[in-house]
Amino acid sequence: LDYVCVDDNRVWGCHYGSDGNGGIVNEIYASKLGDFKNWYTYAGVATDSYALSVGLDGEWTGCISYKGYPTFFKEDAVMRIFGSMPSEYQLTVNTCRGVQKGSHKSMAILREYLVYKSATDVVMYDGSSTSSISAQLGRENMFYDGVGGACGNKYYLDVQTATGRHYFFIYDVQYNLWEREDALNMKMFTSSENG
């Protein structure tokens, strides 16, 4: 699997690539309910595993559980699975700015929004549409390989330019302000239960 997340006692994942026979695999999978090692149980019951072929071409760029739904990304789309069991699952596709390839670690939940680095900017996703929040960062540099995290009212983002120069930004959602800090070359952020 290219990317995985946990949602509703299942492990969800996605994969794009060759099937070994000259074909392309472009699928979303879910493990059996409560059994993260079992991906091939199809007995027609609510606890079954799940697999879905996706028609939208292109590599997966990330996935996360957001607002109680597995959410999958390509650079130009956001896809969500709705339903409570395999026989009810439905895929919705929203053609909008998805997660930039290489920036899957930039996803963070800030208040009720999902914030991440898209191919062109930093966006807030509310479950139906995206809106840019990074106009203040300017257009003189293109940024890649975003690593982000959220705490309180702030989103923290480490990015780099094509030449490898790192930048570290902090966005305050309450005041709609960005500030630039010393570059730290972050590898990952983790959540804090106590803020």
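Count residues from 1 along the sequence.
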Compute whether any side-chain donor of one residue and acceptor of the other, for N176 and Y171, lie under 3.5 angstrom apart. yes
To the nearest 0.5 angstrom, please state how far the CD atom of E181 sits from the CD1 atom of I170. 4.0 Å
Partner residues of F73 under the ring pair (Phe, Tyr, Trp, His ring centres under 6.0 Å) criterion, sequence neighbours left out: Y116
Verdict with supporting geometry, W12 and Y66, ring-ring contact (aromatic ring centres under 6.0 Å, His included): CA-CA 12 Å; W12 290 82; Y66 175 59; over 10 Å; no
Starting from the C-alpha separation in whole Å, work towards a yes-or-no answer on ring-ring contact (aromatic ring centres under 6.0 Å, His included) for Y50 and Y29. CA-CA 5 Å; Y50 179 73; Y29 306 95; 9.2 Å; no
So how far is it from Y155 OH to L110 CG, rounded to the nearest 0.5 Å? 9.0 Å
Rounded to the nearest 0.5 angstrom, the CZ-SG distance for R10 and C5 is 12.5 Å
Please round to the nearest 0.5 Å and tell me the distance separating atom CG of D126 and atom OH of Y113. 6.5 Å
For E27 and H15: C-alpha separation, side-chain torsions, deciding distance, then whether side chain to side chain contact (heavy atoms under 4.5 Å, CB included) applies. CA-CA 6 Å; E27 296 185 334; H15 177 65; 5.8 Å; no
Determine, stepwise, if the pair L91 / R80 fulfils side chain to side chain contact (heavy atoms under 4.5 Å, CB included). CA-CA 6 Å; L91 178 72; R80 301 182 81 191; over 6 Å; no
side-chain hydrogen bond (donor to acceptor under 3.5 Å, both in side chains) with Y16: of D2, T61, D57, N26, only one passes, and it is D57
Do K32 and W39 form a cation-pi contact, if we require the NZ or CZ to be under 6.0 Å from the six-membered ring centre and within 45 degrees of the ring's axis? no
Please report the closest heavy-atom contact between C63 and F72, naming both atoms and the distance. CB-CD2, 3.4 Å
Sub-6.0 Å ring centroid separation between F168 and W178: no
Heavy-atom closest contact (M142 atom, A119 atom, distance): CE-O, 3.5 Å
Measure the CG-CG distance between N94 and D76 for me, rounded to the nearest 0.5 Å. 11.0 Å
Return the CG to OG distance between D35 and S49, rounded to the nearest 0.5 Å. 7.5 Å
The ring pair (Phe, Tyr, Trp, His ring centres under 6.0 Å) partners of F82 (sequence neighbours excluded) come to Y69
Looking only at the side chains, is there a donor atom on one of D121 and S134 sitting less than 3.5 Å from an acceptor on the other? no
Ring center gap for F143 and Y167 short of 6.0 angstrom: yes
Before accepting this row, confirm whether a basic side-chain N of the pair E59/K101 lies closer than 4.0 Å to the acidic partner's carboxylate O. yes
